[in-house]
2 protein chains.
Amino acid sequence: MINIKIILEDAGIKPTIERLSILKYSNSKNNHPTAAMIFNEIVKKIPTISKTTVYNSLKLFMAKGIVTPLYITGSEVRYDFVTKPHHHFFCEKCGKIYDLEVECPIFRKKHFQGHLIKQQHGYFRGICKDCLGKEEKKQS
Amino acid sequence: MINIKIILEDAGIKPTIERLSILKYSNSKNNHPTAAMIFNEIVKKIPTISKTTVYNSLKLFMAKGIVTPLYITGSEVRYDFVTKPHHHFFCEKCGKIYDLEVECPIFRKKHFQGHLIKQQHGYFRGICKDCLGKEEKKQS
DNA sequence: TTTCGTGCAAAGCATTTGCAAGTAG
DNA sequence: CTACTTGCAAATGCTTTGCACGAAA
């Protein structure tokens with residue numbers, strides 16, 4: 001069980017109710033939400049929250065390395081709670097992003113062809129097993 | 001030597017001067033340009049060209065599979081002329097994108113954990129060898 | 001009091017859309 | 001004539017910025 005409050009305190013971030021909610025939501029549902037998804041969910045419980053605060057908080061979390069941005073869809077940033085290194089699969093049908101654990105030597109290298117590698121990330125795109133299942137049902 | 005005109009004709013696209021220029025530029029410099037970079041370059045030779053035409057043409061090329069979008073920087077789409085499968089390294093200092101040839105079994109799979117994989121892309125970020133070289137010079 | 005956090009409104013950018021005028025066959 | 005292409009201008013959508021109010025130490 002992860003303690004959200006301690007994560008913020010360890011990073012030197014004051015744990016306000018807004019920040020706790022934002023970090024909790026980006027972690028709990030494991031759905032790699034957009035800023036809009038986070039806002040729409042939290043505004044139900046904290047009606048006074050603004051999008052500015054969501055963006056401010058996410059920016060702060062990124063600076064501290066607590067969340068990472070995923071540029072997988074092209075039109076909007078998805079936020080990923082940082083745990084252990086992993087990769088992502090984006091379903092073009094339902095828009096869901098799955099975590100993938102992939103073993104490959106290149107993903108452990110610090111240098112490649114003279115370049116210093118600070119981040120590496122496997123992006124996969126296609127149709128997820130759930131959506132494939134629905135297609136089969138339709139046809140039968 | 002690639003014949004740009006034939007590529008367009010084979011794809012069923014009428015090779016107008018604008019489209020030829022756009023495709024030529026996204027291929028020749030091998031710099032994975034943004035729409036703005038393409039526009040700024042071409043407007044020097046064809047002063048009447050509009051950004052709309054650049055976007056229209058790129059959309060058409062993507063629909064035909066002639067170019068692919070790269071969502072590597074987060075703030076803008078970079079366009080990649082499609083040749084053989086490869087991966088990308090983005091330099092945070094100079095913004096340049098390098099092609100990488102990486103061998104890894106996962107990048108050849110069509111299915112993974114039940115998902116249908118249509119595209120896969122290894123995405124690396126850090127500091128390129130040129131910028132590393134410049135840093136060393138400064139310090140000495 | 002001084003600093004920090006919040007949030008409204010406006011601005012900024014990349015991209016898309018509506019539509020009118022031009023071109024090719 | 002008909003279908004396609006171009007390009008201006010306006011709109012859209014995500015994100016950032018300016019600024020003022022309010023809370024905390």
Side-chain angles (χ1 to χ4, degrees), chain A residues 4-5 8-9 11-26 32-64 66-80 90 95 97, chain B residues 5 8-9 11-23 25-26 32-64 66-80 90 95 97:
Chain A
I4 298 291
K5 198 175 166 205
L8 288 183
E9 283 168 349
I13 297 174
K14 192 190 288 182
T16 66
I17 182 72
E18 290 89 355
R19 290 172 178 168
L20 285 167
S21 303
I22 292 164
L23 189 54
K24 188 180 166 197
Y25 181 70
S26 30
H32 310 82
T34 63
M37 286 158 75
I38 296 171
F39 173 80
N40 290 331
E41 194 61 27
I42 294 178
V43 79
K44 293 177 188 168
K45 297 189 178 176
I46 310 176
T48 57
I49 202 170
S50 71
K51 285 191 180 174
T52 307
T53 298
V54 174
Y55 281 110
N56 282 344
S57 304
L58 289 169
K59 199 175 182 180
L60 197 55
F61 299 165
M62 286 190 285
K64 299 292 184 180
I66 299 173
V67 304
T68 3
L70 300 184
Y71 307 128
I72 198 167
T73 74
S75 57
E76 54 196 6
V77 183
R78 309 281 290 241
Y79 297 91
D80 187 34
F90 172 60
I97 294 176
Chain B
K5 198 177 165 202
L8 288 182
E9 282 168 349
I13 298 173
K14 193 191 287 182
T16 65
I17 182 72
E18 289 89 355
R19 289 171 178 167
L20 286 167
S21 304
I22 292 165
L23 188 55
Y25 181 70
S26 30
H32 311 82
T34 63
M37 286 159 74
I38 295 171
F39 173 79
N40 290 330
E41 194 61 28
I42 293 177
V43 78
K44 293 177 189 169
K45 296 189 179 176
I46 310 174
T48 56
I49 202 169
S50 71
K51 285 191 179 173
T52 307
T53 299
V54 174
Y55 281 109
N56 282 343
S57 304
L58 289 169
K59 199 174 182 181
L60 197 56
F61 299 164
M62 286 190 285
K64 299 292 183 179
I66 298 173
V67 304
T68 2
L70 300 183
Y71 307 128
I72 198 168
T73 74
S75 56
E76 55 197 4
V77 183
R78 310 281 290 241
Y79 296 90
D80 187 33
F90 172 61
I97 295 176

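Below, chains carry the letters A, B, ... as their sequence lines are ordered, and counting in each starts from 1.
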**Message:** Tell me every residue that passes side chain to side chain donor-acceptor pair (under 3.5 Å) with A/D80, counting only those two or more places apart in sequence or in another chain.
**Reply:** A/H32, A/H86, A/H88

**Item:** Rounded distance (Å) that lies between atom P of C/dG18 and atom OH of B/Y55
**Value:** 17 Å

Between the protein and nucleotides 3-12 of chain C, list the N/O to N/O atom pairs that are separated by less than 3.5 angstrom.
| unit_1 | atom_1 | unit_2 | atom_2 | d |
| --- | --- | --- | --- | --- |
| C/dG5 | OP1 | A/R19 | NH1 | 3.1 |
| C/dT6 | OP1 | A/T16 | OG1 | 2.7 |
| C/dT6 | OP1 | A/E18 | OE1 | 2.9 |
| C/dG7 | OP1 | A/T48 | O | 2.7 |
| C/dG7 | OP1 | A/T48 | OG1 | 3.4 |
| C/dG7 | OP2 | A/S50 | N | 3.3 |
| C/dG7 | OP2 | A/T53 | OG1 | 2.9 |
| C/dG7 | O5' | A/T48 | O | 3.4 |
| C/dC8 | N4 | A/T52 | OG1 | 3.0 |

**Message:** Classify B/S75 by what it touches in the nucleic acid, base, sugar-phosphate, or nothing, heavy-atom distance under 4.0 Å.
**Reply:** sugar-phosphate

**Prompt:** Who are the side chain to side chain contact (heavy atoms under 4.5 Å, CB included) partners of A/L60, not counting sequence neighbours?
**Reply:** A/I13, A/R19

**Message:** Restricting to non-hydrogen atoms, name the atom on B/V54 and the atom on B/A35 that form the minimum distance, rounded to 0.1 Å.
**Reply:** CG1-O, 3.8 Å

**Non-neighbouring partners of B/S50 that pass side chain to side chain donor-acceptor pair (under 3.5 Å), sequence neighbours left out** = B/T53

**Inter- and intrachain pairs under salt bridge (Lys or Arg N to Asp or Glu O under 4.0 Å), touching residues 42-55 of chain B, at least two apart** = B/E41-B/K44

**Asked** So which pairs with a foot in residues 70-79 of chain A pass side-chain hydrogen bond (donor to acceptor under 3.5 Å, both in side chains), sequence neighbours left out?
**Response** none

**Item:** Partners passing side chain to side chain donor-acceptor pair (under 3.5 Å) against B/T34 (at least two apart in sequence or in another chain)
**Value:** none

**Request:** Could you tell me which residues satisfy side chain to side chain contact (heavy atoms under 4.5 Å, CB included) with A/S21, sequence neighbours excluded, listed by chain and number?
**Result:** A/I17, A/I42, A/I46

**Complete:** Footprint ends on DNA chain D, 5' to 3', for atoms under 4.0 angstrom from a heavy atom of chain B, come out as D/dT5 to D/dA9

